[in-house]
Amino acid sequence: MNLRLILGDQLNPAHPWFQSTHADVTYLLAEVRSETDYVSHHVQKVCAIFRSMERFADWLEGAGHRVRYLTLDDTAAHADFPSLIRHLLETDPFDSFDYQRPDEYRLLSQFRALEFPGVTVTEHDTHHFLVPFEELAKTFPVDRNLRMETFYRRMRKQHDILMDGNEPAGGQWNFDVANRSKLKAADLDQIPVPQAFSTDVADILQRLQRHDVRTIGSIGQALDWPTTPAEAREQLVHFCESALPAFGTFQDAMTDQHDQAWLLFHSRLSFAMNIKMLHPREVIDAAIHAYQSRPDISIEQVEGFVRQILGWREFIRGIYWTRMPDYQSLNALAADRPLPDFYWTGETRMNCMRQAISQSLERAYAHHIQRLMITGNFAMLAGLDPDAVDAWYLGIYADAFEWVELPNTRGMSQFADGGIVGSKAYAASANYINKQSDYCRSCDYMAAGKTGQDACPFNSLYWDFMIRHRESMERNPRIGMVYRNWDRQDAESRDLILQRAAWCLAHINEL
Ligand SMILES: Cc1cc2nc3c(=O)[nH]c(=O)nc-3n(C[C@H](O)[C@H](O)[C@H](O)COP(=O)(O)OP(=O)(O)OC[C@H]3O[C@@H](n4cnc5c(N)ncnc54)[C@H](O)[C@@H]3O)c2cc1C
Ligand code: SF4
């Protein structure tokens, strides 16, 4: 008898395991406390994963497989997977235990240490990513920093994606410069209505309450996330039809002037992909098919989208697996300040931060530029402890799983890896935020101000950050210019800016 474990982020219906049925195989899906508790997760994230697991179990059963679904009620006596599995192997006549390789270092270490007398333990691939696990070490050598752009071009060629023979479609590898438009008033009418879901999760909420599971954020009347591959596919089709035509153009835009400002032209497909209900290749192919069949979708739009999945998503995973476990404790900028309270409440006078945090608490979602240039940028400028920043990002987003969250947070957004993910810190003042959004128009602070109580905190914190790290940052030729601007200012102005930054840091919870 064979016991096969399926984790909550391994709901891949196309996995070879499920292509035929076997009377001696039992599939196990289990809600376990170690997984609800390793950080405080958003309530929508827990509900979306549990409901997706249940529906996957139903699907498996319907397809003729033997399935055991254990809820928190059934697993209450077991703190983690090793304890639960040991118990099942002792009480039932299984002589082999199989698992799919977890996409998280913590769990992979746990599973590889499993030993049960008389039971064969076998690890299997998840058949989800485009770079095979065995090729990661060769593709992402630790002795040199591969840049995303180099990796991405290689992937385009290798998988023959958006290629005209040996040349990139449209004559360019990257249309990033066409991806930075601000939303003008006339553009707001183009923002599509997102695909909505309305899944009843009252029973899961009761279960979480019964077991005193600590969560963050809120949930409305029902769950607005896809919980089956069919729903995820609906979301993909809807995205290609309604948002892809302007995805690239407004990829970096932010606004607070629209009901759908929280999503804009983004796909919100990360959750479905990260729990493997959707294969990244299927998503890429759907976008390219839409581009090829619709004249209103330009190469700038589709390339911008493909780059995120074929490039960034696979690149980030490569960095994670080749740099763990050291990566999780890197702190190149020696940042150590606790997270201000407003990260948990959204209660701050900084409009950009209020918008990004409030929508994260309300929807378990923020789009990339909000994560990177608002909440992440503030955290880096203020020198917030990367462990605390990581825990926040890992908990609050429905799509947050460590392999993708950690290098994005600690690397791309906090520069705590000293330049492994990106070649320079994404540090920005109000100037950038004002250029990419309309947040500053309805903010209590003055975007142009650097000193005095009304001045935008991002401005003085930006300079304080640049001066604090002058020695290491100035060597980067892409940043040198910034210091020449600083040195040109008179001593008194520089002093006032640094005084304002010191005040902001000392009164961070009042900002
Ligand atoms: C600080 C920080 C933390 C992040 N944490 C996560 C996380 O926990 N989980 C997660 O999936 N993404 C994370 N990202 C990357 C990115 O922000 C999200 O993938 C994206 O916002 C998800 O929304 P979407 O599906 O609407 O994306 P879209 O804008 O529609 O992009 C399409 C897809 O591209 C992929 N993608 C885009 N950017 C990245 C990236 N940098 N890394 C990996 N994949 C990318 C995602 O699969 C996404 O679904 C993080 C980024 C930052 C800056
Ligand atoms: S003025 Fe500063 S704090 Fe206010 S929205 Fe603009 S960047 Fe954010």
Side-chain angles (χ1 to χ4, degrees), residues 45 148 179 194 235-236 239 243-244 247-248 250-252 254 256 262-275 278 280 283-284 287 304-317 319-320 348-356 360 364-380 386 389-390 392-414 421-422 426 428-449 454-462 504 511:
K45 177 183 179 184
M148 199 295 286
N179 297 160
Q235 199 184 4
L236 171 62
F239 165 75
L244 186 58
F247 174 86
F250 298 117
Q251 204 172 330
D252 287 359
M254 296 170 281
D256 60 3
W262 62 279
L263 185 61
L264 300 178
F265 299 90
H266 295 272
S267 69
R268 204 163 64 119
L269 286 165
S270 48
F271 170 73
M273 269 191 279
N274 292 355
I275 66 167
L278 268 189
V283 176
I284 290 171
F305 185 70
V306 166
R307 187 181 343 124
Q308 308 311 317
I309 298 171
L310 184 67
W312 277 111
R313 189 170 188 266
E314 296 283 327
F315 177 78
I316 285 288
R317 167 177 174 257
I319 297 295
Y320 178 79
T348 163
R349 292 168 58 218
M350 295 179 282
N351 188 36
C352 54
M353 291 287 281
R354 190 169 63 241
Q355 298 293 336
S360 303
Y365 178 85
H367 52 80
H368 184 69
I369 217 70
Q370 293 177 306
R371 298 187 203 196
L372 182 64
M373 299 311 290
I374 306 293
T375 44
N377 182 27
F378 182 89
M380 182 177 66
V389 179
D390 263 334
W392 186 79
Y393 278 99
L394 190 54
I396 200 159
Y397 294 117
D399 59 28
F401 297 88
E402 195 183 75
W403 67 268
V404 56
E405 175 279 328
L406 187 69
N408 266 305
T409 303
R410 200 166 278 256
M412 188 189 301
S413 90
Q414 300 304 291
V421 166
Y426 281 98
S429 63
N431 196 22
Y432 172 88
I433 297 170
N434 203 13
K435 208 161 71 191
Q436 289 304 131
S437 77
D438 46 30
Y439 289 153
C440 302
R441 271 192 288 172
S442 37
C443 184
D444 284 0
Y445 293 105
M446 310 269 291
D454 290 341
C456 168
F458 278 85
N459 292 335
S460 54
L461 290 176
Y462 170 81
C504 289
L511 291 176

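Every number for a ligand or one of its atoms is a count from 1 in the order of the listing.
The residue Gln251 has no part lying near ligand 1, judged by heavy-atom distances below 4.0 Å. Residue contacts with ligand 1, taken as heavy atom pairs separated by less than 4.0 Å, involve Ala366 solely via the backbone atoms N, CA, C and O. Counting heavy atoms under 4.0 Å from ligand 1, residue Ile316 touches it through the side chain alone. The parts of Ser270 lying near ligand 1 are both backbone and side chain, judged by heavy-atom distances below 4.0 Å. Proximity of Phe239 to ligand 1, defined as any heavy-atom pair under 4.0 Å, is not found for any part of the residue. Under 4.0 angstrom from ligand 1, there are no non-hydrogen atoms of Leu394. Contact annotation: for Tyr365 versus ligand 1, heavy atoms closer than 4.0 Å belong to the side chain alone. Residue contacts with ligand 1, taken as heavy atom pairs separated by less than 4.0 Å, involve Phe305 solely via side-chain atoms from C-beta onward.
Judged as a side-chain hydrogen bond (donor to acceptor under 3.5 Å, both in side chains), and not counting sequence neighbours, the contacts of Ser270 are Asp399. For Thr348, the side-chain contact (heavy atoms from CB on, under 4.5 Å) criterion is met by Phe342, Met350, Met353, Arg354, not counting sequence neighbours. For Thr375, the side-chain hydrogen bond (donor to acceptor under 3.5 Å, both in side chains) test picks out Tyr393, with sequence neighbours left out.
Although no hydrogens or angles enter the test, the distance criterion places no donor-acceptor pair under 3.5 Å between the side chain of Arg317 and the main chain of Trp403. Side chain of Asn434 to backbone of Cys440: no donor-acceptor contact under 3.5 angstrom is found. With Asn459 contributing its side chain and Ala447 its backbone, the two residues share a donor-acceptor pair below 3.5 Å. The main-chain N or O of Thr409 is never found under 3.5 Å from a side-chain atom of Gln414 such that the two would form a donor-acceptor pair. At least one donor-acceptor pair under 3.5 Å links the side chain of Asn351 to the backbone N or O of Tyr439. Panel note: side chain Asn408, backbone Ser413; no donor-acceptor pair is recorded below 3.5 Å.
Nearest protein neighbour of atom 6 (C) of ligand 1, counting heavy atoms only, is Arg371 NH1, 3.4 Å. Taking atom 39 (C) of ligand 1 as the reference point, the nearest protein heavy-atom neighbour is Trp312 CB, 3.9 Å. With respect to atom 27 (O) of ligand 1, the closest heavy atom belonging to the protein is Ser267 OG, 4.0 Å. Summary of contacts: the protein heavy atom closest to atom 24 (P) of ligand 1 is Arg268 N, 3.5 Å. Residue, atom and distance of the protein heavy atom nearest to atom 42 (N) of ligand 1 are Asn408 ND2, 3.0 Å. Looking only at protein heavy atoms, the nearest one to atom 37 (C) of ligand 1 is Gln308 CB, 3.4 Å. Scanning the protein heavy atoms around atom 16 (C) of ligand 1, the nearest turns out to be His368 ND1, 3.4 Å. Nearest protein neighbour of atom 7 (C) of ligand 1, counting heavy atoms only, is Asp399 OD1, 3.3 Å.
With ligand atoms numbered from 1 in the order given, ligand 1 contributes 1 (C) to contacts under 4.0 Å with heavy atoms of Ser413. Close contacts of ligand 1 with Asn274, meaning ligand atoms under 4.0 Å from a residue heavy atom, involve 9 (N), 10 (C), 11 (O). Contact atoms of ligand 1 toward Met273: 47 (O), 49 (O) (distance under 4.0 Å to a heavy atom of the residue). For ligand 1 and Ala400, the ligand atoms under 4.0 Å from any heavy atom of the residue are 7 (C), 8 (O). Within the listing of ligand 1, atoms 41 (N) sit less than 4.0 angstrom from a heavy atom of Met412. Per-residue contacts place Leu372 under 4.0 angstrom from the following atoms of ligand 1 (heavy atoms of the residue considered): 53 (C).
Counting heavy atoms from C-beta outward, Arg268 and Trp262 have side chains that approach closer than 4.5 Å. The shortest side-chain heavy-atom distance between Gln436 and Ile369 does not fall under the 4.5 Å cut-off. Between Gln308 and His266 there is no side-chain heavy-atom pair separated by less than 4.5 Å. The closest side-chain heavy-atom distance from Lys45 to Tyr365 is not below 4.5 Å. Residues Gln355 and Met254 form no side-chain contact, since every pair of their non-hydrogen atoms from C-beta on lies 4.5 Å or further apart.
The shortest separation from a heavy atom of Phe247 to ligand 1 is under 4.0 Å, placing the residue in contact.
Ligand 1 has no N or O atom lying under 3.5 Å from any N or O atom of Tyr393, backbone or side chain. Between Thr409 and ligand 1, a contact under 3.5 Å exists for no N or O pair. The shortest N or O to N or O distance between His367 and ligand 1 is not under 3.5 Å. Residue Val404 places no N or O, backbone or side chain, under 3.5 Å from any N or O of ligand 1.
Listed by chain and number, the protein atoms of type N/O/S under 2.8 Å from atom 4 (Fe) of ligand 2 are Cys443 SG; waters are omitted.
More than 12 non-hydrogen atoms from other residues, nucleotides or ligands lie less than 6.0 angstrom from OH of Tyr432. No more than 12 heavy atoms of other residues, nucleotides or ligands sit less than 6.0 Å from atom CG of Asn431.
In plain terms, the two heavy atoms of Asn377 and Tyr426 that are nearest each other are OD1-O, 3.5 Å.
When the heavy atoms of Asn377, Leu269, Ile319, Leu263 are ranked by distance to atom 25 (O) of ligand 1, first place goes to Leu269.
Using a 30° and 60° split on the angle between ring planes, Phe247 and Phe239 fall in the perpendicular class, above 60°.
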Practice problem: Would you sort out whether Met273 and Arg313 count as a side chain to side chain contact (heavy atoms under 4.5 Å, CB included), showing the intermediate values? | Solution: CA-CA 10 Å; Met273 269 191 279; Arg313 189 170 188 266; 3.6 Å; yes
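The line from CD of Gln251 to CZ of Phe265 is 12.0 Å long, rounded to the nearest 0.5 Å.
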